[in-house]
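Single-structure report; data block below.
Quantities reported herein were computed from a predicted structural model and do not represent experimental measurements. FYI, side chains are in, hydrogens and waters are out, and symmetry mates aren't considered; it's all heavy atoms of this structure.
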Amino acid sequence: MAYMFSNRTEGFRYQFGNPLPCHFQIKKVDGELIDSSEGPASIQDISPSGMRFNSELFIPETEQKDIQLSIRFTLNEYEYKFFGSIVWKKEYEHTCDYGIQLDIGQEEEEELIEQLKVYSKRLLKENNK
């Protein structure tokens, strides 16, 4: 399966069959500005209110500290840069999944939803060839 919409508390969550590459950067820890270098990750799923991404980079103390990130990715040739906070982390042997609560406005939400629809339709068309 290449994609999926699923219901949670938000209106929908789009699950990428093939994770979407992204880069993230730590911007604040407990309100203190940080200027970390960018790290690679892959978006597993996304909704207007949050996302889950996986990375080989381990971010310590996510449960004790308020860690805010910027996340940069390209969807349908549009580059997005969203800000959000880590709300959970699940560790695996060599990677971690991070749950991010996004801090985006209504206009950005609507644009993201529209672009996810375009992405989904394009995948359907490609898979039905």
Side-chain angles (χ1 to χ4, degrees):
M1 178 182 266
Y3 58 90
M4 184 171 80
F5 284 98
S6 65
N7 290 321
R8 290 202 177 180
T9 55
E10 66 269 320
F12 74 90
R13 178 167 290 269
Y14 186 87
Q15 185 169 336
F16 292 96
N18 294 314
L20 189 68
C22 70
H23 289 85
F24 70 94
Q25 191 173 20
I26 297 172
K27 292 302 209 177
K28 287 184 182 179
V29 175
D30 286 340
E32 184 178 326
L33 290 174
I34 304 288
D35 192 23
S36 75
S37 56
E38 274 195 337
S42 57
I43 300 172
Q44 310 296 307
D45 60 50
I46 192 167
S47 76
S49 62
M51 70 170 59
R52 173 174 56 107
F53 71 70
N54 181 273
S55 180
E56 293 178 0
L57 299 175
F58 178 81
I59 302 170
E61 301 186 72
T62 56
E63 292 166 5
Q64 294 84 13
K65 297 185 183 279
D66 176 26
I67 300 175
Q68 296 178 5
L69 310 173
S70 67
I71 302 109
R72 181 175 57 82
F73 62 95
T74 302
L75 182 65
N76 303 329
E77 301 172 11
Y78 291 96
E79 183 158 315
Y80 291 92
K81 185 175 185 178
F82 291 143
F83 294 90
S85 298
I86 298 174
V87 292
W88 59 264
K89 173 174 72 176
K90 183 172 183 181
E91 296 179 32
Y92 299 99
E93 189 173 346
H94 300 291
T95 66
C96 289
D97 277 355
Y98 296 95
I100 310 300
Q101 181 177 355
L102 295 175
D103 181 20
I104 63 176
Q106 183 69 30
E107 194 173 302
E108 292 170 306
E109 268 189 35
E110 291 170 6
E111 176 65 25
L112 177 60
I113 291 168
E114 185 59 36
Q115 289 306 315
L116 287 170
K117 288 177 183 177
V118 169
Y119 182 85
S120 177
K121 287 176 186 175
R122 191 183 82 229
L123 278 182
L124 272 174
K125 202 179 274 189
E126 289 173 3
N127 289 335
N128 288 328
K129 285 185 179 181

Linked, directly or transitively: Leu57 and Ile86 (ILVMFWY side chains, under 4.5 Å): yes

Spacing of NZ belonging to Lys121 relative to NZ belonging to Lys117, to within rounding of 0.5 Å: 7.0 Å

Tyr14 OH to Ser47 OG distance, which is reported to the nearest 0.5 Å: 14.0 Å

Same apolar cluster: Ile113 and Ile104, side chain cutoff 4.5 Å: yes

Close side-chain approach of Ile71 to Met51, heavy-atom, < 4.5 Å: yes

Distance-minimising heavy-atom pair for Ser55 and Ala41: CB-CB, 3.9 Å

ILVMFWY cluster, Ile67 and Phe83 together (side-chain gap under 4.5 Å): no

Inter-residue atom distance Asp30.CG - Gln68.CD, 0.5 Å rounding: 9.5 Å

Gap separating the CZ atom of Phe82 from the CG atom of Leu69, nearest 0.5 angstrom: 14.0 Å

Sequence neighbours excluded, every pair satisfying salt bridge (charged side-chain N to carboxylate O under 4.0 Å, His left out) that has a member inside residues 69-87: Glu38-Arg72, Arg72-Glu79

Qualifying residues under side chain to side chain contact (heavy atoms under 4.5 Å, CB included), relative to Pro21, sequence neighbours excluded: none

Residues in side chain to side chain contact (heavy atoms under 4.5 Å, CB included) contact with Thr95, at least two apart in sequence or another chain: Asn54, Glu56, Tyr92

Test item: Phe53 and Ile46 side chains (from C-beta on) under 4.5 Å apart, heavy atoms: no

More than 12 heavy atoms of other groups within 6.0 Å of Glu63 CD: no

Heavy-atom pair with the smallest gap, counting every atom of Pro60 and Lys89: CA-NZ, 4.3 Å

Residue that, paired with Ile43, satisfies side-chain contact (heavy atoms from CB on, under 4.5 Å) out of Leu75, Leu20, Ile100: Leu20

Non-hydrogen side-chain atoms of Gln25 and Ile34 separated by less than 4.5 Å: no

Salt bridge (charged side-chain N to carboxylate O under 4.0 Å, His left out) contacts in which one or both residues fall within residues 19-29, not counting sequence neighbours: none

Heavy-atom side-chain contact between Cys96 and Ile59 under 4.5 Å: no

Residue list, side chain to side chain contact (heavy atoms under 4.5 Å, CB included) with Tyr78, at least two apart or on another chain: Asn76, Tyr80, Gln115

All pairs passing side-chain hydrogen bond (donor to acceptor under 3.5 Å, both in side chains) where residues 98-107 contributes a residue, at least two apart: Gln106-Glu110

